[in-house]
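Computed from heavy atoms alone, side chains included, the values below leave out hydrogens, waters and symmetry copies.
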Amino acid sequence: MTHLDYFALVFFIATWGGFNWLTSVERQSSHMSITRAMAIHRARWIQNSLGRDLKMIDTQIMAGLQNGTGFFASASLFALGGCFALLGATDQVEALFRDLPIMLQGGRQGFELKVGGLAIIFAYAFFKFGWSYRLFNYCSILFGGLPMHAETMKEPERAAKAAERVIALNIIAAKHFNAGLRAIFLSIGYLGWFVNAYVFMAMTVFVFFVLIRRQFFSEARRAILKDMEL
């Protein structure tokens, strides 16, 4: 491990933190991110549900959110297990690297530290997905407690407060899901470190700009914000 390796690691962490800040739901900006726009749509969805007694569609949406989170939690756990398996096969990996036509730096100790860092990323993603899964479960319970349309008309303030609780918990669950998904995406940039620090930083920048484009300049963002009254 060289000073350049440590600099690249700090650069990676700073890029991760910067992206978190740029796409935060709480951050006010004239150029809205997809994440913040979808938080607004989540609120509108749950508020609209107060106007209907039959909520089967809503429960199906909630189940879909939870199932998607569970899938990524399982995938992160498998990836974490793969990292531990890789640590147990260091000798074979070193032999493979020696035959590759590229120069890999760091030696055995450096390789083990890098795999350990990758394991930390996947562990972080797993905990984020796991907590998000549980929060969506709590959100489903709170959603089931929303008043029917007739009760909403009688006590609008009580219904509005109940909906706000569901909205807040749904947005928090989505926040943790996005954090886990972000870790998975940025782990692709981290893989460049197994080549050298320059590739590590280059891949991190590439992934960062791909994610920024999707958040702020993609066709999906334009479709979500189309005719949207803020």
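The backbone N or O of Met148 lies less than 3.5 Å from no partner atom in the side chain of Asp53, so there is not a single donor-acceptor pair. Of the possible donor and acceptor atoms, none in the side chain of Ser24 sits under 3.5 Å from a partner among the backbone N and O of Asn20. Although no hydrogens or angles enter the test, the distance criterion places no donor-acceptor pair under 3.5 Å between the side chain of Tyr138 and the main chain of Asn170. A donor-acceptor distance shorter than 3.5 angstrom exists from the side chain of Asn67 to the backbone of Ala63, with no hydrogens or angles considered. Looking only at distances, a side-chain donor or acceptor of Ser49 sits under 3.5 Å from a matching main-chain atom of Ile46.
Considering CG of Leu146 and OG1 of Thr152, their distance stands at 8.0 Å, rounded to 0.5 Å. Here CG of Leu86 is found 6.5 Å from CZ of Phe194. Values are rounded to the nearest 0.5 Å. Interatomic distance, CG of Leu181 versus NE2 of His176, reported as 14.5 Å (0.5 Å rounding). Once rounded to the nearest 0.5 Å, the distance linking CD1 of Ile57 with CE of Met62 reads 13.5 Å. To the nearest 0.5 Å, atom CG of residue Leu4 and atom CZ of residue Phe11 are 11.5 Å apart. Rounded to the nearest 0.5 Å, atoms CZ (Phe126) and CZ (Phe129) are 11.0 Å apart.
Ring pair His31/Phe217: centre-to-centre distance below 6.0 Å. In this structure, Phe72 has its ring center closer than 6.0 angstrom to the ring center of Phe177. For Phe127 and Trp131, the gap between ring centers reaches or exceeds 6.0 Å.
Between Leu22 and Gln215, every side-chain heavy-atom pair lies at or beyond the 4.5 Å cut-off. Inter-residue side-chain proximity for Met38 and His41 is flagged as met; some heavy-atom pair is nearer than 4.5 Å. Between Lys128 and Tyr124, the closest side-chain pair of non-hydrogen atoms falls below 4.5 Å. Residues Leu169 and Leu142 meet the side-chain proximity criterion, which asks for heavy atoms closer than 4.5 Å. You'll find the side chain of Ser76 reaches within 4.5 Å of the side chain of Ile184, heavy atoms only. Between Ile40 and Met32 there is a side-chain heavy-atom pair separated by less than 4.5 Å. Residues Ile34 and Thr23 are not in side-chain contact: their nearest non-hydrogen atoms beyond the backbone lie 4.5 Å or more apart. Looking at heavy atoms from C-beta onward, Val115 lies out of side-chain contact with Phe84 at the 4.5 angstrom threshold.
The environment of NZ in Lys55 is crowded: more than 12 heavy-atom neighbours from other residues, nucleotides or ligands sit within 6.0 Å. Remark: Ile13 CD1 is packed, more than 12 non-hydrogen atoms of other residues, nucleotides or ligands lying under 6.0 Å away. Around the CZ atom of Arg134, the shell of radius 6.0 Å holds no more than 12 heavy atoms that belong to other residues, nucleotides or ligands.
Clustering ILVMFWY residues whenever any of their side-chain heavy atoms sit less than 4.5 angstrom apart, transitively, puts Tyr133 in a cluster other than the one holding Ile172. When hydrophobic clusters are built by joining Ile, Leu, Val, Met, Phe, Trp and Tyr residues whose side-chain heavy atoms come closer than 4.5 Å, directly or via intermediates, Val10 is not grouped with Tyr198. Residues Phe209 and Met201 fall within the same hydrophobic cluster, defined by Ile, Leu, Val, Met, Phe, Trp and Tyr side chains chained together at heavy-atom separations under 4.5 Å.
Of all heavy-atom pairs between Ala173 and Leu135, the closest is CB-CB, 3.6 Å. Considering all non-hydrogen atoms of both residues, Asp5 and Ala197 come closest at OD1-CB, 3.7 Å. Across every non-hydrogen atom of Ala73 and Gly130, the tightest pair is CB-N, 4.4 Å. Here the closest non-hydrogen pair linking Leu118 and Ser187 is CD1-CB, 4.1 Å. The shortest heavy-atom contact between Ala162 and Pro147 is CB-CD, 4.3 Å. Residue Ala183 comes nearest to Ile121 through the heavy atom pair O-CG2, 3.6 Å, listed as atom of the first residue, atom of the second, then distance.
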Is there a side chain to side chain contact (heavy atoms under 4.5 Å, CB included) between Val199 and Met203? Walk through the geometry before answering.
CA-CA 6 Å; Val199 176; Met203 289 185 65; 3.8 Å; yes

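Apart from Leu54 itself, the hydrophobic cluster it occupies contains Met56, where clustering links Ile, Leu, Val, Met, Phe, Trp and Tyr at side-chain heavy-atom distances under 4.5 Å.
By the 30° and 60° cut-offs, the orientation of the rings of Trp16 relative to Phe12 is perpendicular. Using cut-offs of 30° and 60° for the angle between ring planes, the Trp193 and Phe200 rings count as parallel.
Using a 3.5 Å distance cut-off with no hydrogens or angles, the side chains of Asn137 and Ser140 do not pair a donor with an acceptor. Counting only N and O atoms by type, the side chains of Asp58 and Trp45 include a donor and acceptor under 3.5 Å apart.
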